S.K.: 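Got a structure here, written out as structure tokens. Questions coming.
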Amino acid sequence: MSEFPCTGCSLCCRAIGVILAEQDLFKKLPVVVQAIKEFPYKANAEGVCEKLVDNRCSVYKSRPLLCNIRELGLLMGYPTEEWYRLNAETCNQLIRSAGLDESYLIYDYDRNQ
């Protein structure tokens, strides 16, 4: 199965501080809680991951589980296509809320397009 069709908006990297701080929201998802606990990097005061450099992940090829949509979905037992669809819908909501250019939208899996 291919990788998630990330468009590189970096909104997830810019919100890592919120995810790390709000891990109680994921208490019904033990795999996610564990991935949060094992997340090896810090967020700056604005909540941006320290590994975001020039709007790109500087450790992408060896990114932690929390940042690997495909692997996290597999560990949670989601069918890959369904997991990608759920993530694409969430990504697109964030992209629209942030007012980013529509070129960042993920069309491949979002049924709401």
Side-chain angles (χ1 to χ4, degrees):
M1 177 54 56
S2 64
E3 289 290 320
F4 181 74
C6 175
T7 58
C9 74
S10 77
L11 288 175
C12 53
C13 302
R14 295 180 179 287
I16 200 69
V18 173
I19 293 167
L20 297 175
E22 301 294 331
Q23 64 180 293
D24 285 345
L25 296 174
F26 303 100
K27 61 185 168 194
K28 292 184 180 178
L29 303 169
V31 172
V32 176
V33 172
Q34 188 63 34
I36 290 170
K37 288 180 180 177
E38 293 173 358
F39 188 76
Y41 307 117
K42 299 201 182 313
N44 68 18
E46 290 82 37
V48 178
C49 179
E50 68 180 329
K51 294 301 178 180
L52 186 66
V53 178
D54 295 328
N55 212 37
R56 308 290 282 177
C57 177
S58 63
V59 295
Y60 186 80
K61 289 189 180 198
S62 61
R63 66 196 181 277
L65 178 61
L66 185 62
C67 304
N68 191 323
I69 292 173
R70 181 176 185 272
E71 292 302 316
L72 192 59
L74 289 173
L75 284 173
M76 292 174 60
Y78 274 89
T80 301
E81 296 292 315
E82 176 65 13
W83 183 243
Y84 282 6
R85 184 186 65 74
L86 291 169
N87 278 274
E89 290 173 359
T90 301
C91 288
N92 288 346
Q93 289 172 357
L94 291 171
I95 290 164
R96 287 186 179 104
S97 294
L100 294 184
D101 186 272
E102 288 195 8
S103 64
Y104 286 109
L105 293 173
I106 300 168
Y107 293 103
D108 296 349
Y109 292 94
D110 190 346
R111 288 189 270 186
N112 296 321
Q113 295 297 320

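Please read all numbers here as calculations on a predicted model, not as lab measurements. Position 1 is the first residue of the sequence, and the numbers go up from there. All values below were derived from every heavy atom in this structure, side-chain atoms included, with hydrogens, water molecules and symmetry-related copies excluded.
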S.K.: Working to the nearest 0.5 Å, report the span between SG of Cys12 and CD1 of Ile19.
M.R.: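 Atom-to-atom, Cys12:SG and Ile19:CD1 are 7.5 Å apart.
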S.K.: Sub-3.5 Å donor-acceptor pair from the side chain of Asn92 to the main-chain atoms of Ile106, do we have one?
M.R.: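 Yes.
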S.K.: Any Lys/Arg nitrogen of Glu81 or Arg85 sitting under 4.0 Å from an Asp/Glu carboxylate oxygen of the other?
M.R.: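 Arg85 and Glu81: not salt-bridged.
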S.K.: Which heavy atom in Leu20 sits nearest to a heavy atom in Leu66, and how many Å separate them?
M.R.: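 Between these two residues, the closest heavy atoms are CD2-CD2, 4.3 Å.
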S.K.: For Ile16 and Val48, which heavy atoms make the closest approach, and how far apart are they?
M.R.: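 Heavy-atom minimum between the residues: CG2-C, 4.0 Å.
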S.K.: Return the CG to CD1 distance between Leu29 and Ile36, rounded to the nearest 0.5 Å.
M.R.: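 Leu29 CG to Ile36 CD1: 9.0 Å, rounded to 0.5 Å.
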S.K.: Please answer whether the main-chain N or O of Leu65 pairs with a side-chain N or O of Glu71 as donor and acceptor at a distance below 3.5 Å.
M.R.: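 Flag not set: sc Glu71 to bb Leu65 has no pair under 3.5 Å.
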S.K.: Is a side-chain N or O of Asn44 found less than 3.5 angstrom from the main chain of Glu46, in a donor-acceptor match?
M.R.: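 Yes, Asn44 side chain to Glu46 backbone: donor-acceptor pair under 3.5 Å.
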S.K.: Are Tyr60 and Cys67 close enough that some pair of their side-chain heavy atoms sits under 4.5 Å apart?
M.R.: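 SC-SC contact between Tyr60 and Cys67 ruled out.
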S.K.: Could you grab the distance from atom SG of Cys49 to atom CZ of Arg14, nearest 0.5 Å is fine?
M.R.: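 Here the interatomic distance stands at 11.0 Å.
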S.K.: Give a yes or no answer on whether the side chain of Tyr84 reaches the backbone of Phe4 with a donor-acceptor pair at less than 3.5 Å.
M.R.: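 Checking the backbone N and O of Phe4 against the side chain of Tyr84, a donor-acceptor pair under 3.5 Å is found.
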S.K.: Membership question, hydrophobic clusters at under 4.5 Å side-chain separation (ILVMFWY): are Leu86 and Leu25 in the same one?
M.R.: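 They do share one cluster, since a chain of ILVMFWY contacts under 4.5 Å joins Leu25 to Leu86.
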S.K.: Closest approach of Cys9 and Leu100, non-hydrogen atoms and distance?
M.R.: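 Heavy atoms only, the tightest pair is CB-CD1, 3.6 Å.
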S.K.: Could you go step by step and tell me if Arg70 and Asn87 meet the side chain to side chain donor-acceptor pair (under 3.5 Å) rule?
M.R.: CA-CA 10 Å; Arg70 181 176 185 272; Asn87 278 274; over 6 Å; no
S.K.: Between CD1 of Ile95 and OG1 of Thr90, what distance do you get to the nearest 0.5 Å?
M.R.: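 Here the rounded value is 10.5 Å.
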S.K.: So how far is it from Gln23 CD to Lys37 NZ, rounded to the nearest 0.5 Å?
M.R.: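 So the gap between those two atoms works out to 6.0 Å.
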S.K.: When you group the ILVMFWY residues by side-chain heavy-atom contacts below 4.5 Å and let the links chain together, are Tyr78 and Leu74 in the same group?
M.R.: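 Different clusters.
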S.K.: Has Tyr41 got more than 12 heavy atoms of other residues, nucleotides or ligands less than 6.0 Å from its OH?
M.R.: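 Yes, because the 6.0 Å sphere around OH of Tyr41 holds more than 12 heavy atoms from other groups.
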S.K.: For residues Leu72 and Ala35, report the shortest heavy-atom separation together with the two atoms involved.
M.R.: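 Scanning both residues, the minimum pair turns out to be CD1-CB, 4.2 Å.
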S.K.: Is it true that a side-chain atom of Trp83 and a backbone atom of Ile69 form a donor plus acceptor pair closer than 3.5 Å?
M.R.: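 Indeed, once roles are kept as given, a pair shorter than 3.5 Å links the two residues.
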S.K.: Side-chain heavy atoms nearer than 4.5 Å, only ILVMFWY residues, links allowed to pass through others: does that put Phe39 and Val53 together?
M.R.: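 No.
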